[in-house]
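Below is one structure; the comments refer to it alone.
These numbers come from the heavy atoms of this one structure, side chains and all, not from hydrogens, waters or symmetry mates. All residue numbers refer to positions in the sequence shown, counting from 1. None of the values given here were measured: they were computed from a predicted structure.
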Amino acid sequence: MSNIDPALRKLDQALGSGRVLTDPDVLASYAVDESEVPPHLPDAVVRVREAREVADVMRICAEHSVPVTPRAGGTGRTGGAVPLAHGVVIAFEQMNRIKGIEEDDLIAVVEPGVITGAFHSAVEAVGLFYPPDPNSLASCALGGNVAENAGGPRALRYGSTRDYVLGLRVVTADGTELSVGKRTVKGVTGYDLTSLLVGSEGTLAITTEITFKLLPKPQAVVTMLVLLPDLASAGRSVTQVLRAGLLPRCMELLDEATLALVRPLSAVPIPQSAQALLLIELDGDEIALDAQLERAGAAVVAAGASEVLVARHAGERDKLWAARRELSRALRKSARFKLAEDVVVPRSRIPQLIDACRRISEQHKVQMPSYGHAGDGNIHVNFLWSDPSEEAAVHAAIEATFKAVIALGGTLSGEHGIGVLKAPYLPIEQAPELIALQERIKDLFDPKHILNPGKIFPAHVQRFHGAC
Ligand SMILES: Cc1cc2nc3c(=O)[nH]c(=O)nc-3n(C[C@H](O)[C@H](O)[C@H](O)COP(=O)(O)OP(=O)(O)OC[C@H]3O[C@@H](n4cnc5c(N)ncnc54)[C@H](O)[C@@H]3O)c2cc1C
């Protein structure tokens, strides 16, 4: 890239010496995320410490048409933080201050590099609650969560990241600093650009500060681990619990194949007769919770549950969750290659989706274990293979799965975003006119296409396809 050297010289001058990193080892650690997108080395990495530095980087990179990829925790599943077009990675790990937790207004103001789990601990220490809980919470950061509109098990009752973002401070592609949104719960002034920016995968603007809405921390939580003889009874359990007038904070499902992987990792014994597992979690007022627990127990037993374990204390609840939290990594270890698709269908159609996956798995001879957030219909369908020659069959199976999801009234991604990996499949869900409209929005925010190029839109990804 011919523009890169003068740009790096100006960045050095603007930020001070030693701030623009070009050491090959550093570059290598910013070339990948937690997806199967092949490594792409950036030309330089800048670990920013404040918004002004982000503005300097964008202004200089815009002047020299150098691509910029923002990166938070690097745990993305679709290649969002992989610098496909090389250029500069803006890394947020040092911009990680919780600027304030305002208990009376139930809001928090944070920088984008705050680790999500650390934020949970900080707000819970003052009796408040930030519900979005991606399973990667020990290593992902809030800026990445906002860019992906991250969800997690608790989305069933509490929604995803977007539901908690009141306002953002951002830097646009030409280096302009802007505030969007509000710090009040209500507010309808102008277009809702905050909602547009949340989930825009770092392609429209760079977040430098987030104002979150918080909730009071629920008084008590109870976790139920439900063992079931088959998937049909798991599907019935989900429906029966909701029909009983309950809204658990999560209902997580493991199918037969994922259960087989989890058995050796589980802190509680899972008999071979169990072919499906549900983790159901209820929260709220201590006394009301007892009655809810009773109704939920009756609902799952009526639906065919063979065993129900209940945990109320944090340590015991962690034991029930331990295997579920490790599942993604256990699956990754079980084969050389893994792709995880986080499709969503209306929750009543989960059994149909799992049946469709079983058929597709047999037809294409690809292993496809599934698990996920059954309560909100967001199922992680995994594609496992070990021999590169199987890749064509895997892609055919993924395409067939996406078509089945759309036929069931669903959507391609519940929380991981489109990034690089899902971009080729976007036209299965969205009309060409809708894709073109979104591309025009991208043009408006980023006319030179320097902000996280090669993401979301099929034509944008194809531009870098040769490099993939
Ligand atoms: C084991 C495991 C479990 C997971 N479980 C879940 C889950 O339950 N729910 C879920 O939703 N996801 C899950 N994920 C996916 C991933 O953790 C989320 O997508 C998370 O939100 C990414 O955050 P990050 O900080 O790692 O972002 P990164 O991977 O660094 O970046 C993600 C995207 O955000 C953009 N970005 C980063 N910082 C900024 C910024 N300041 N401004 C603008 N754009 C920015 C990047 O360019 C990129 O497009 C899981 C991943 C793993 C590895």
Side-chain angles (χ1 to χ4, degrees), residues 1-50 53-96 112-113 139-141 143-144 147-148 171-175 200-208 417 419-421 423 446 448-456 460-461 463-468:
M1 165 121 9
S2 55
N3 298 343
I4 191 77
D5 293 329
L8 295 189
R9 274 197 297 278
K10 280 197 187 155
L11 284 173
D12 244 346
Q13 279 162 11
L15 298 170
S17 76
R19 301 294 310 289
V20 180
L21 309 171
T22 51
D23 180 272
D25 289 344
V26 173
L27 300 185
S29 58
Y30 289 89
V32 291
D33 62 3
E34 294 264 359
S35 71
E36 296 289 333
V37 175
H40 284 69
L41 285 175
D43 295 291
V45 172
V46 181
R47 292 191 183 123
V48 285
R49 294 178 193 151
E50 52 187 280
E53 294 182 347
V54 179
D56 283 345
V57 174
M58 286 318 303
R59 191 177 35 74
I60 292 166
C61 287
E63 194 185 318
H64 293 275
S65 300
V66 168
V68 177
T69 303
R71 179 187 178 98
T75 67
R77 287 295 205 192
T78 52
V82 177
L84 222 59
H86 312 289
V88 171
V89 164
I90 298 193
F92 281 94
E93 59 259 42
Q94 292 180 357
M95 213 167 141
N96 61 356
S139 45
C140 67
E148 298 290 358
V171 172
T172 58
D174 62 2
S200 64
E201 305 190 24
T203 63
L204 298 182
I206 300 194
T207 304
T208 54
V420 180
L421 294 180
D446 178 19
K448 290 186 168 178
H449 283 211
I450 58 165
L451 244 183
N452 209 358
K455 310 291 159 75
I456 303 180
H460 293 210
V461 175
R463 223 166 279 156
F464 300 96
H465 192 64
C468 272

Nearest 0.5 angstrom please: [X] [atom1] to [Y] [atom2], how far?
| X | Y | atom1 | atom2 | value |
| --- | --- | --- | --- | --- |
| I60 | K10 | CD1 | NZ | 7.5 Å |
| E34 | C140 | CD | SG | 10.5 Å |
| H64 | I4 | NE2 | CD1 | 9.5 Å |
| L27 | L21 | CG | CG | 8.0 Å |
| L11 | C61 | CG | SG | 5.0 Å |
| T208 | E53 | OG1 | CD | 12.0 Å |

Does any part of the side chain of [Y], heavy atoms only, come nearer than 4.5 Å to the side chain of [X], both counted from C-beta?
| X | Y | answer |
| --- | --- | --- |
| L451 | L204 | no |
| V88 | V57 | yes |
| M58 | D174 | no |
| V420 | I456 | no |
| D446 | T203 | no |
| V37 | V32 | no |
| R71 | Y30 | yes |
| T78 | S35 | no |

Counting N and O atoms only, with roles assigned by atom type, does the side chain of [X] sit under 3.5 Å from a partner on the main chain of [Y], one being a donor and the other an acceptor?
| X | Y | result |
| --- | --- | --- |
| H86 | L41 | yes |
| E148 | G144 | no |
| R19 | V46 | no |
| N96 | G113 | no |
| D33 | V82 | no |
| K448 | A62 | yes |
| E201 | G419 | yes |

Original post:
Thinking salt bridges, do D12 and R9 make one under a 4.0 Å N-O criterion?
Top reply: no

Kindly give the heavy-atom pair with the smallest separation between [X] and [Y], and that separation in Å.
| X | Y | result |
| --- | --- | --- |
| M95 | R49 | CG-O, 3.5 Å |
| G454 | V461 | O-CG2, 3.2 Å |
| E93 | R47 | OE2-NE, 3.2 Å |
| G202 | N452 | O-CB, 3.1 Å |
| G175 | A55 | O-CB, 3.6 Å |
| P112 | A141 | O-CB, 3.5 Å |

